[in-house]
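In what follows, a single structure is set out as structure tokens and then discussed.
Note that ligands are numbered from 1 as they come in the structure, with each ligand's atoms numbered from 1 the same way. Note that the numbering runs from 1 along the sequence shown for the chain.
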Amino acid sequence: MKKQISLHVKCPHCRKSLMDDEVMLHDNPSIKLNIVTPEERGTIHLCSIYECYDHQIDVELKKGTVVDFYCPKCNKEMLVKDECAVCGAPMVSFVLRVGGKVSICSRHGCPNHYIAFQDLSAELSKFYHEYEP
Ligand SMILES: [Zn+2]
Ligand SMILES: [Zn+2]
């Protein structure tokens, strides 16, 4: 079985953790974000396991909707640096606790996402060290 990496992410603005212990997904704290769609506002909890797309959402979201993500702590919009190479929607970035960043596509249903480290080998060894049982 592939090793599952649970990501701990922080807001790029206020540097507070976005992890929510009250909503667990696959036995890990979820990543909580406020979202704004063309129709309404809501909250999304993303599974923190890398390459897992499970999530809980309290508003109705049509597939293909581009969503704005906001920090639930400081209410600033998440950083957008790139466009999705798959669908052209903005890519939203979060800061990883261990360094580097993770980017996800803001279009609901688009699977594009990636992790970018300044120094991949060092960060990955930190990862595995940190999550060693
Ligand atoms: Zn914040
Ligand atoms: Zn996309």
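At the Zn ion (ligand 1), the vertex angle linking SG of C11 with SG of C14 is 110° (nearest 10 degrees). Rounded to 10°, the angle formed at the Zn ion (ligand 2) by C105 SG and C84 SG is 110°. The angle that C87 SG and C110 SG make at the Zn ion (ligand 2), rounded to 10°, works out to 120°.
Residues T65 and T37 have side chains that never bring a donor and an acceptor to within less than 3.5 angstrom of each other.
Within the coordination shell of the Zn ion (ligand 1), defined by N, O or S atoms under 2.8 Å, H13 is absent.
Salt bridge annotation for E22-K32: absent, with no cationic side-chain nitrogen under 4.0 angstrom from a carboxylate oxygen.
Residues V66 and I44 fall into different hydrophobic clusters, defined by Ile, Leu, Val, Met, Phe, Trp and Tyr side chains chained together at heavy-atom separations under 4.5 Å.
The closest donor-acceptor contact from the side chain of H8 to the backbone of S6 lies at 3.5 Å or more, if one exists at all.
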